**Student:** 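Here it is, the structure in full.
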Number of protein chains: 2
Amino acid sequence: MKISTKGDYGVRALIELALHEGEGPVQRADIAHRRQIPESYLDHLLAQLRRDGFIRSTRGPGGGHELARPPAEICLLHVLESLEGSLAPLGCLSDDPADDAHDPLCGQQWVWREIFDEMRRRLAAISLADLTERERERERAERVMAAAPHYKI
Amino acid sequence: MKISTKGDYGVRALIELALHEGEGPVQRADIAHRRQIPESYLDHLLAQLRRDGFIRSTRGPGGGHELARPPAEICLLHVLESLEGSLAPLGCLSDDPADDAHDPLCGQQWVWREIFDEMRRRLAAISLADLTERERERERAERVMAAAPHYKI
DNA sequence: AGATTGTCGAGCGATTTAGTCAGCATTGTA
DNA sequence: TACAATGCTGACTAAATCGCTCGACAATCT
Ligand code: FES
Ligand code: FES
């Protein structure tokens with residue numbers, strides 16, 4: 001019942017791109033360093049995100065990666081589905097026809113369907129812009145803490 | 001992002017026990033047949049459920065398995081956690097200290113924490129009694145359909 | 001005693017995860 | 001034009017997990 005590192009890494013990488021939106025392309029190595037992602041693994045994640053139209057990449061010196069759309073228009077649901085495939089917690093809830101084999105007697109499907117729907121609803125409601133906003137807020141809070149240590153606890 | 005067959009099988013098995021609550025122990029082979037679960041695999045699931053106090057088993061002829069508590073007092077959350085371990089979708093949300101390694105910068109943790117909390121809340125609100133009630137209802141509906149075919153569609 | 005049931009642990013093949021690596025393609029710069 | 005910096009791709013792999021099977025054993029009923 002875990003989402004894999006792909007999803008987490010990928011979102012982290014996109015946040016990094018969103019934070020530098022409008023400052024030209026960010027390089028693979030920079031993303032990898034700042035977000036602690038194995039560089040050559042990140043390659044594959046970026047490739048997938050490119051295929052699905054979330055980012056645009058340019059080669060050559062000064063090249064790198066940047067968001068293909070404004071951060072506010074990229075939601076977590078689609079990003080995660082791109083990297084992880086269907087997020088359905090049970091095969092019988094997946095749209096993917098490769099998953100089949102549902103016990104027609106199984107009386108718990110409705111539970112999971114509700115949970116799954118709620119999950120998707122929430123993920124769809126959160127954009128990269130929301131995530132970067134959160135990060136910036138926390139960063140601000142930390143600066144305040146650092147500047148005025150007597151506030152602590 | 002899937003729950004494994006363990007969870008699904010296990011819940012199916014418990015539903016089967018709940019349906020026959022009060023009629024004496026149900027045998028492994030019966031559960032396996034009725035719910036389409038490999039018999040020798042089911043063994044391990046039942047063992048786990050026994051260890052965690054959900055069922056009681058008796059050996060010898062006429063033996064089998066039965067619920068250790070009333071169906072209304074067994075919730076889906078605990079059953080699934082017993083069979084699957086922590087349901088946390090990210091290592092950094094797990095109570096299990098074996099999972100660590102959280103990127104302190106990662107700005108998406110709060111999203112998943114909320115989803116996870118909601119999920120647990122829902123799973124905790126559903127008991128085996130609720131599930132059997134659902135199955136019985138559907139069965140009734142199906143009997144009506146069968147008796148009066150012209151109602152179809 | 002013998003049949004019937006559950007209990008336990010070892011082991012195993014397939015699949016998935018989480019990468020690595022080598023080599024090619026493209027582009028900017030000197 | 002050479003070359004360096006970057007991205008792109010696919011093949012490969014080690015380790016973990018999944019979904020079981022099997023065999024030996026223990027308890028209980030008749
Ligand atoms: S088989 Fe689909 S919910 Fe159990
Ligand atoms: S590392 Fe915990 S949410 Fe990303």
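Keep in mind that this is a model prediction, so the values were computed, not measured. Residue numbering restarts at 1 for every chain, and letters A, B, ... go by the order of the sequence lines.
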**Student:** Atom CD1 of A/I37 to atom P of C/dT20: distance rounded to whole Å?
**Tutor:** 12 Å

**Student:** Using the test salt bridge (charged side-chain N to carboxylate O under 4.0 Å, His left out), find all partners of A/R143 that sit at least two apart in sequence or belong to another chain.
**Tutor:** A/E139

**Student:** How long is the span from the CG atom in A/L87 to the CD1 atom in A/I3, to the nearest 0.5 Å?
**Tutor:** 7.0 Å

**Student:** Using whole Å, report how far CG of B/L45 lies from C1' of C/dC8.
**Tutor:** 14 Å

**Student:** Quick one: salt bridge (charged side-chain N to carboxylate O under 4.0 Å, His left out) partners of B/R140, sequence neighbours excluded?
**Tutor:** B/E133

**Student:** Only pairs at least two apart or in different chains count here, so list each side chain to side chain donor-acceptor pair (under 3.5 Å) that has a residue in residues 75-85 of chain A.
**Tutor:** A/S4-A/E84, A/D52-A/S82

**Student:** Just call it for B/R28: base, sugar-phosphate, or nothing, with non-hydrogen atoms closer than 4.0 Å on any strand.
**Tutor:** base

**Student:** Does the base of C/dT7 carry an N or O that pairs as donor and acceptor with the side chain of B/H44 under 3.5 Å?
**Tutor:** no

**Student:** B/R12 CZ to D/dG19 C1': how many Å, rounded?
**Tutor:** 13 Å

**Student:** Hey, could you give me each pair passing salt bridge (Lys or Arg N to Asp or Glu O under 4.0 Å) that has a residue in residues 55-78 of chain B? Not counting sequence neighbours.
**Tutor:** B/R56-B/E66

**Student:** Please report the distance, rounded to the nearest Å, between CZ in A/R51 and C1' in D/dG7.
**Tutor:** 13 Å

**Student:** I'd like a table of atom pairs between the protein and nucleotides 14-18 of chain C - only N or O on both sides, under 3.5 Å - with the distance next to each one.
**Tutor:**
residue	atom	partner	partner atom	Å
C/dA18	OP2	A/T5	N	3.1
C/dA18	OP2	A/T5	OG1	3.1

**Student:** Please identify each residue that fulfils side-chain hydrogen bond (donor to acceptor under 3.5 Å, both in side chains) with B/R136, with sequence neighbours left out.
**Tutor:** none

**Student:** Measuring only between side-chain heavy atoms, which start at C-beta, is A/K6 closer than 4.5 Å to A/Y41?
**Tutor:** yes

**Student:** Near DNA chain C, counting only heavy atoms under 4.0 Å, which residues of residues 17-27 of chain A show up?
**Tutor:** none

**Student:** Name the pairs: protein N/O against N/O of nucleotides 23-30 of chain D, kept only if under 3.5 Å.
**Tutor:**
residue	atom	partner	partner atom	Å
D/dA26	N3	B/R59	NH1	3.1

**Student:** Check this one for me: any side-chain N or O of B/S40 less than 4.0 Å away from OP1 or OP2 of D/dT21?
**Tutor:** yes

**Student:** Send over the distance from B/L42 CG to D/dT21 C1', rounded to a whole Å.
**Tutor:** 14 Å

**Student:** With sequence neighbours excluded, what pairs up with A/T132 under the side-chain hydrogen bond (donor to acceptor under 3.5 Å, both in side chains) test?
**Tutor:** none

**Student:** Which residues pass the salt bridge (charged side-chain N to carboxylate O under 4.0 Å, His left out) test with A/R122, sequence neighbours left out?
**Tutor:** A/E118, B/E114, B/E118

**Student:** According to the salt bridge (Lys or Arg N to Asp or Glu O under 4.0 Å) rule, which pairs have a member within residues 17-28 of chain B, sequence neighbours left out?
**Tutor:** B/R28-B/E39, B/R28-B/D43

**Student:** If I take atom CD in residue B/E39 and atom P in nucleotide C/dT5, what distance separates them, rounded to the nearest angstrom?
**Tutor:** 11 Å

**Student:** Could you list the residues that satisfy side-chain hydrogen bond (donor to acceptor under 3.5 Å, both in side chains) with B/E137, not counting sequence neighbours?
**Tutor:** none

**Student:** Starting at atom NE2 of B/H33, determine the distance to atom P of C/dT5, rounded to an integer number of angstrom.
**Tutor:** 13 Å

**Student:** Can you tell me how far C1' of D/dC20 sits from CG of B/D8, to the nearest Å?
**Tutor:** 16 Å

